[in-house]
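Following: one structure in structure tokens, then a few remarks.
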Number of protein chains: 2
Amino acid sequence: MKSDKVSEQTTKRLSIYLRCLNELAAAGQVSVSSEACAKRFGLNSAQIRKDLANFGEFGHRGVGYNVSALREHLIRILGLDRQHSVGIIGAGRLGTALADYYRVLDSNFAVAALFDNDKDKIGKKVGDIEIFDIKNFAAVAKRDNIEVAVIAVPAGEAQATIEIIDKTGISAVMNFAPVRLRASAHIKLKSVDMTTTLESLSYFLANDSQ
Amino acid sequence: MKSDKVSEQTTKRLSIYLRCLNELAAAGQVSVSSEACAKRFGLNSAQIRKDLANFGEFGHRGVGYNVSALREHLIRILGLDRQHSVGIIGAGRLGTALADYYRVLDSNFAVAALFDNDKDKIGKKVGDIEIFDIKNFAAVAKRDNIEVAVIAVPAGEAQATIEIIDKTGISAVMNFAPVRLRASAHIKLKSVDMTTTLESLSYFLANDSQ
DNA sequence: AACTGTGAAGGGCTTCACAGCG
DNA sequence: CGCTGTGAAGCCCTTCACAGTT
């Protein structure tokens, strides 16, 4: 039963399920039940079935799911059957580390370019990824068909950065700067806020623990 | 009205509120209403009031909240009125970038030590932070009073790493490895999974966007 | 017999709406 | 009058439980 609106949380879990299936496939397992999968990876079996049911009927009653078939389905559903080009804005420590991280991670995401406003960095390379002037973002993004922009600039420059991204029509943004960004509605923005995460852990240390 | 159980999401937002208050304080604003704050930072005013009400009555009816007083309250609630010592395990690109990131970020979190199992790295320094043998984790963690452990090792080593952390009694862990970790109940684990985040963005690119 | 797909129940978080207070 | 603090409503997500299918 194809559903029109799939929740954000479901899409996150699809990615987790895919990872589980990769493990199972690597272990040579052919078939898996939602219950077995849930037990092994600490999930809820009803939720797995419900999440998958958003996209079709992939299971076989009395049997379970075929590992490799379901894997293929998830890859297609998540749009991982083709390469995605990523641009990282901010070629400081974090930006370059992320560039490196995504390169190693064998995935369908490839960092095509880095951007910065520091003249000393522009023109240099990180591995084989060139650092461009942020002023040329639109042109390079178009040339390299960048679909995902990663913000790794200081907090104070993040809002201006997402506005530059916005103008180019890129619709997927991952933000690492510790600020709440405002962007137009067509942009899908995911923020990784380490300050917030740490402070929330601090609350736990101060209150919950023990 | 003090509540016994505060939701995870509330604690995350407290951190965001604190950031807002810092901005307002820096701008010299003395007082702010939940409505004005919500508008400015894209939040919901009722939620702000409700979140704060978990910890006391900080507002003044007809007036709003005193910026600096509320700021002090949040700092205390979040346990940010003292320094926290952080240990980063994995001195690769990501681990060292994070070490650098946390150093710059002027906060109450200070990276006390890095850990690795690579003999070539052990003994070296990143800035003024020494890289220790992971075998000495318990001893160094105790010596430096490490309260928060950050996992920045390859996926395959993450589970073993959290087990090492677990044994020392550290109860706050931030994980950057792209795996779902199992830990004993007393550990508060926050995972930042870039693979999951990117794949979820990929779903959006493949389906939602226009 | 085993396991999926799903209606219904349950639980939690967010938002509304307003009483109450300054 | 303005704004907080909060009961109630609404919404969404998760979990249960089982009918249906192979």
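Throughout, protein chains are lettered first and strands after them, A, B, ... in sequence-line order, and every chain is numbered starting at 1. Keep in mind that what you see is a predicted model, and the values were worked out from it rather than measured.
- For A:K50, counting side-chain heavy atoms from C-beta on, the closest listed nucleotide (C:dT4, D:dG7, C:dA8) is C:dA8.
- The distance between the ring centers of B:F115 and B:F137 falls below 6.0 angstrom.
- With respect to A:K12 and B:E199, no salt bridge is recorded, no charged nitrogen being found less than 4.0 Å from a carboxylate O.
- When each of B:G62 and A:V63 is assigned the nucleotide of DNA chain C bearing its nearest heavy atom, the one mapping closer to the 5' terminus is A:V63.
- Nucleic acid contact class of A:S45 (heavy atoms, under 4.0 Å, all strands): none.
- If you take CG of B:L43 and P of C:dC13, they are 18 Å apart, rounded to a whole angstrom.
- Close to D:dT14, at under 4.0 Å from its OP1 or OP2, lies a side-chain N or O of A:R13.
- The separation between A:L52 atom CG and C:dC3 atom C1' is 14 Å, rounded to whole Å.
- When every heavy atom of A:T195 is checked against every heavy atom of B:S15, the shortest pair comes out as O-OG, 4.2 Å.
- Residue B:N54 contributes atom CG, which lies 12 Å from atom C1' of D:dT6 at whole-angstrom precision.
- Put simply, CD on B:Q9 is 12 Å from P on D:dC13, counting in whole angstrom units.
- Here B:S34 lies in heavy-atom contact (under 4.0 Å) with sugar-phosphate atoms only.
- Here the closest non-hydrogen pair linking A:A25 and A:R71 is CB-CD, 4.3 Å.
- Atom CD1 in A:I48 sits roughly 13 Å away from atom P in D:dC16 (whole-Å rounding).
- D:dG5 atom P lies 14 Å from atom CD of B:E35, rounded to whole Å.
- Here the P atom of nucleotide C:dG5 and the CG atom of A:D51 are 12 Å apart, to the nearest Å.
- The base of D:dT21 does not come close enough to the side chain of A:R61 for any donor and acceptor atom to sit less than 3.5 Å apart.
- Regarding B:Q47, its CD atom lies at a distance of 15 Å from the P atom of D:dT4, rounded to whole Å.
- For A:R49, taking side-chain heavy atoms from C-beta onward, the closest of the listed nucleotides D:dT14, C:dT4, C:dC13 is C:dT4.
- For A:N44, a side-chain nitrogen or oxygen approaches OP1 or OP2 of D:dC16 to under 4.0 Å.
- The side chain of A:E57 approaches C:dT6 more closely than any other nucleotide in the set C:dT6, D:dT4, D:dT14.
- In this model, the phosphate group of D:dG2 is not approached by any side-chain N or O of B:Y65 to a distance below 4.0 Å at OP1 or OP2.
- Ion pair B:E8/B:K188 flagged as a salt bridge, since at least one NZ, NE, NH1 or NH2 atom sits closer than 4.0 Å to an Asp/Glu carboxylate oxygen.
- Each of A:A46 and A:S7 was matched to the nucleotide of DNA chain D holding its nearest heavy atom; the match closer to the 5' end belongs to A:S7.
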